[in-house]
Amino acid sequence: MTQDTALLQAQDTNIRKGSNSRKVFIKTYGCQMNVYDSVRMSDALAKDGYEPTEDMEEADLVLLNTCHIREKAAEKVYSALGRLRDMKKQRAGEGRDMMIGVTGCVAQAEGEEILRRAPAVDVVIGPQTYHRLPEALRRAKGGERVVDTEYAIEDKFEHLPLAEKAKIRKRGVTAFLTVQEGCDKFCTFCVVPYTRGSEVSRPVHQIVEEAEKLVDGGVREITLLGQNVNAWHGEGPRGEEWSLGDLLYRLAEIPGLARLRYTTSHPRDMDDRLIDAHRNLRMLMPYLHLPVQAGSNRILKAMNRRHTASEYVALIERIRAARPDIAISGDFIVGFPGETDADFEDTLRLVEEVRYAQAFSFKYSTRPGTPGAELKDQVPEEVKARRLEKLQALLLKQQQEFAESCVGKVIDLLLEKPGRMPGQLIGRSPWLQSVNVDAKASQIGDIIRVRITGISTNSLFAEVVSN
Ligand code: SAH
Ligand code: SF4
Ligand code: F3S
């Protein structure tokens, strides 16, 4: 049977069954936590007969899983909703239904406002309530427009199904696992404490069960996620207090799991146990994303980061003493209200001192409802743009120097997916770089020894040393 006839037969069967199979297209914006949430939503919807699709045209339901972190991110959602409105209208003309849902952080921040601004939207669901998405969709089918952004008293994860083995296998050999949500830090520029609510840690048994399920489905590398992942805390088997370091040691015992990572961390929550895990746990990859945002103590204080520049640098030194080959990555904001040229020079100095392997930098974006929005001395756009350009040039230079320093090294490579050329695979280095190497598709999921032979803009090249 050819593929075409198989497809026709499948369609035919659907028509005879009254076409129960519905398709959902999920567009994910923002951070890895949203990526994880999209997967969980897709699994929850599968129970109601929704199959995921990559093609918006054939979707019966389109979900935008949104991000509110900067103005641009939030605006993107409304322009996407404009396009979806036109699509929905056109479909209605053809007698075909289409539902539109907004989930994630814009949903939480704007709630009802989305229904007012975008009349085509059927459901608005916050990041804490998406286990109630199937029910909201049923109500919307009945003609209601549903907004559910109340923080749920029940634990959403208790109500969400975990995917079956075959499905996990299809998703690849690396996976995200959210262990902590929300934030109590209230940095003055940031919307996260308002969109994601206060800090909650998932219990150990729930995390271990999910990790085991992932490993059973072929996952070799798990990245633990949280807005403040290193603020995670829980209870060990004897009722003792556990921090993220303890959790990493526990997860490292799962047979078949090869690698662990975690992100994003706050400098204030890097405790000794976690640094100890970097020293002793070989499975914990030598990569740490530790945002600092700025290098001026005055600005750090105004941002409510609750540490100084030299405390941050001293912390990095302690971590490097524990794990000398660790790659440090960071986030930066330029043009926070009141930032002077001298403050910005402090940021450049800090970058010179730390030497980053990877970094993300942004122009300060005023977010409604945050304390930063109330501050006088907002920095003009062109000043922000100039500072960003200067900072990014320095960070890019450091990133290239780091990549160059890898050439000649023999490393363990986790083979992840097909490469650009036939006969090639892309793997992930311990430092999170993409590495191209000659290998067979059947080796996906294997960890092999390779020697780094060269670099290009976004990836490295390697030759096999031993399989
Ligand atoms: N919890 C993490 C950061 C989460 S948000 C931490 O504490 O570091 C991801 C990044 O977005 C932040 O590190 C910051 O660099 C950037 N960001 C957050 N709010 C911003 C804003 N209002 N304007 C510009 N960048 C912002
Ligand atoms: Fe936002 Fe600060 Fe919380 Fe990070 S620690 S999520 S930057 S408030
Ligand atoms: Fe964006 Fe929400 Fe993540 S605001 S960065 S999607 S926590």
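For ligands, and for the atoms within them, numbers begin at 1 and follow the listed sequence. The figures that follow rest on heavy atoms only: side chains count, while hydrogens, waters and symmetry mates do not. Just so we're clear, the structure is a prediction, and the values are computed from it rather than from any experiment.
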Are any of the heavy atoms in Thr264 under 4.0 Å away from ligand 1? yes
Any protein heavy atom sitting closer than 4.0 Å to atom 4 (C) of ligand 1? no
Does Arg196 reach ligand 2, in the sense of a heavy atom lying below 4.0 Å from it? no
Which of the numbered atoms in ligand 1 are below 4.0 angstrom from a heavy atom of Gln227? 1 (N), 2 (C)
Nearest-contact summary for atom 4 (Fe) of ligand 2 - protein heavy atom, Å: Arg305 NH1, 4.2 Å
Of all the atoms in ligand 1, which lie at a distance below 4.0 Å from a heavy atom belonging to Pro291? 8 (O)
Pick, from Arg305, Lys384, Arg367, the option with the minimum heavy-atom distance to atom 6 (C) of ligand 1. Arg305
Examine ligand 1 and decide if any of its atoms is less than 4.0 Å from a heavy atom belonging to Ile333. yes
Evaluate the ring planes of Tyr312 and His307, with Trp represented by its six-membered ring, and classify them as parallel (under 30°), tilted (30 to 60°) or perpendicular (over 60°). parallel
Heavy-atom neighbours of Glu113 CD exceed 12 at 6.0 Å: yes
Side chains of Asn436 and Ser459 only: does a donor on one sit below 3.5 Å from an acceptor on the other? yes
Quick test of your reading of the model: are Arg171 and Asp43 salt-bridged, counting only N-O distances below 4.0 Å? yes
Got the closest protein heavy atom to atom 8 (S) of ligand 2, with its distance? Cys187 N, 3.3 Å
Counting each atom of ligand 1 from 1 as listed, which ones have a heavy atom of Arg70 under 4.0 Å away? 11 (O), 16 (C), 17 (N), 23 (N), 24 (C), 25 (N), 26 (C)
Of the protein's non-hydrogen atoms, which lies at the shortest distance from atom 2 (Fe) of ligand 3, and what is that distance? Cys105 SG, 2.2 Å
Tell me, yes or no, whether the heavy-atom count around Lys156 atom NZ, taken from other residues, nucleotides or ligands under 6.0 Å, exceeds 12. yes
Can you tell me which residue and heavy atom of the protein come closest to atom 1 (Fe) of ligand 3, and the distance to 0.1 Å? Cys67 SG, 2.4 Å
Tell me: protein heavy atom nearest atom 4 (S) of ligand 3, and distance? His68 N, 3.2 Å
Salt-bridged, Glu210 to Lys213, with N to O below 4.0 Å? no
With under 30° as parallel and over 60° as perpendicular, where do the rings of Tyr262 and His278 fit, or are they tilted in between? tilted
Below 4.0 angstrom from a heavy atom of Lys185, which ligand 2 atoms are there? Numbered from 1 as shown, please. 3 (Fe), 5 (S)
Please determine, by modelled atom types, if Ser361 and Gln392 share a side-chain donor-acceptor pair under 3.5 angstrom. yes
Going by an N to O cut-off under 4.0 Å, is there a salt bridge joining Asp346 and Arg298? no
Closest protein heavy atom to atom 1 (Fe) of ligand 2, given as residue, atom name and distance to 0.1 Å: Cys190 SG, 2.3 Å
Salt bridge or not for Arg139 and Asp148, using N-O below 4.0 Å? no
Contacting atoms of ligand 1, where contact means under 4.0 angstrom from a heavy atom of Lys363: 23 (N), 24 (C)
Atoms in ligand 2 with a heavy atom of Phe186 nearer than 4.0 Å: 8 (S)
Output, in order, the C-alpha distance, side-chain angles, deciding distance and verdict of ring pair (Phe, Tyr, Trp, His ring centres under 6.0 Å) for Phe25 and Tyr50. CA-CA 10 Å; Phe25 175 92; Tyr50 281 99; over 10 Å; no
Heteroatom test (N, O or S) for Cys183 near atom 2 (Fe) of ligand 2, limit 2.8 Å: no
Which part of Met33 is near ligand 3, with near meaning a heavy atom under 4.0 Å away: side chain, backbone, both or neither? neither
